[in-house]
Amino acid sequence: MQLIDGKAVAAQMRKEIAEEVLRIRQSGGKIPHLAAVLVGHDGGSETYVANKVRTCEEVGFQSSLIRYEEDVTEEELLACVDRLNRDADIDGFIVQLPLPDHISEQKIIEAIDYRKDVDGFHPINVGRMSIGLPCYVSATPAGILELLRRYEIETKGKHCVVLGRSNIVGKPMAMLMMQKNYPGNCTVTVCHSRSENLKEMCLSADIIVVALGVPEFLKADMVKEGAVVIDVGTTRMPSSVTRSGYKLAGDVKFDEVSPKCSYITPVPGGVGPMTILSLMRNTLHAGKKSIYE
Ligand code: GUN
């Protein structure tokens with residue numbers, strides 16, 4: 001069993017991006033500028049956005065954090081998106097999800113200029129990804145592809161089972177694993193909460209990507225010998241031993257599943273660290289206008 005060290009790969013990517021920013025700086029080019037919009041004070045969102053802003057600093061990007069209280073109106077948020085769309089200094093921006101119930105996430109996402117949508121959530125980016133055109137790919141699936149690439153894990157002709165069908169992870173992951181490219185060329189099955197034969201599907205999988213948000217969902221009796229297991233779960237569990245007061249739980253029962261795997265990602269330190277670096281890479285592309293003019 002080989003552990004996929006997302007923390008180490010993310011550190012390597014951080015170094016590569018920082019070197020590229022240095023080259024841009026030395027040649028007098030535009031320093032990439034990412035803006036993040038945060039609504040309310042959800043603990044998870046606060047942490048994610050703080051990490052995104054900190055990573056921007058580490059790689060040498062400019063960053064702006066725009067905060068709103070929980071009671072911001074949809075109109076105010078749409079006006080903010082419009083300002084960011086028109087601000088020539090902002091290369092890319094994200095609106096951290098989830099948003100409060102009185103705001104339509106889809107309306108906000110569709111208001112973002114797809115050329116600045118470094119989250120890759122806008123229908124134009126999702127559509128372009130689906131048909132294999134250059135675009136911004138959402139960060140978690142892009143991070144997983146990068147791990148498969150850097151560990152040179154064979155995917156061609158393999159059966160990949162994706163557990164979960166979210167717009168952010170499950171659906172794009174399934175699309176990417178079936179694309180006619182490496183990593184890809186898989187036979188893909190998507191299972192979800194209504195799937196009846198989920199265990200049988202998993203048992204026939206060479207690669208399993210678990211993105212359900214259900215701690216320890218994937219058990220040893222669902223995994224065949226030699227499978228590759230990618231755990232996207234990041235459920236916050238209360239803990240009395242950590243300083244933050246919580247610890248992250250993955251979707252895989254790691255202790256019993258890992259001995260059966262050829263490769264497996266841990267939680268924390270697997271997919272998580274890669275997600276932010278994928279966003280940084282998208283922002284680098286946005287700064288260089290290398291995907292869209
Ligand atoms: N909430 C959870 N993951 C993400 C993400 O990748 N981007 C945004 N904007 N919100 C999220």
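It should be emphasised that the depicted structure is a prediction, and the values quoted were computed from it without experimental measurement. The analysis underlying the following values was restricted to heavy atoms, covering all of them including side chains, and did not include hydrogens, waters or symmetry mates. Order of appearance sets the numbers: ligands from 1, and atoms from 1 within every ligand.
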### Query
With no hydrogens and no angle check, do the side chains of S204 and H159 hold a donor and an acceptor under 3.5 Å apart?
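Short answer, yes.
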### Task
Assess the side chains of H33 and D91: does a donor N or O sit below 3.5 Å from an acceptor N or O?
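No, no side-chain donor-acceptor pair sits under 3.5 Å.
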#### Entry: Donor-acceptor contact present, side-chain R128 to main-chain P134, <3.5 Å
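Side chain of R128 to backbone of P134: a pair is present.
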### Query
Is it the side chain, the backbone, both or neither of V95 that has a heavy atom closer than 4.0 Å to ligand 1?
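Just the backbone.
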Could you find the nearest protein heavy atom to [atom] and give me its residue, atom name and distance?
atom	answer
atom 10 (N) of ligand 1	L97 N, 2.9 Å
atom 4 (C) of ligand 1	Q96 NE2, 4.0 Å
atom 8 (C) of ligand 1	D119 OD2, 3.4 Å

### Query
Is the gap between the ring centers of Y136 and Y292 under 6.0 Å?
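Aromatic pair counts; centres sit under 6.0 Å.
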### Query
Taking both backbone and side-chain atoms of P98, is any N or O found less than 3.5 Å from an N or O belonging to ligand 1?
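Min N/O separation from ligand 1 is not below 3.5 Å for P98.
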### Query
Relative to the heavy atoms of F121, which atoms of ligand 1 are at a distance of less than 4.0 Å?
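Within the 4.0 Å cut-off of F121, ligand 1 contributes 5 (C), 6 (O), 7 (N), 8 (C), 9 (N).
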### Query
Between H122 and Y114, how do the two ring planes meet: parallel, tilted or perpendicular, split at 30° and 60°?
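Rings of H122 and Y114: tilted, as their planes differ by 30° to 60°.
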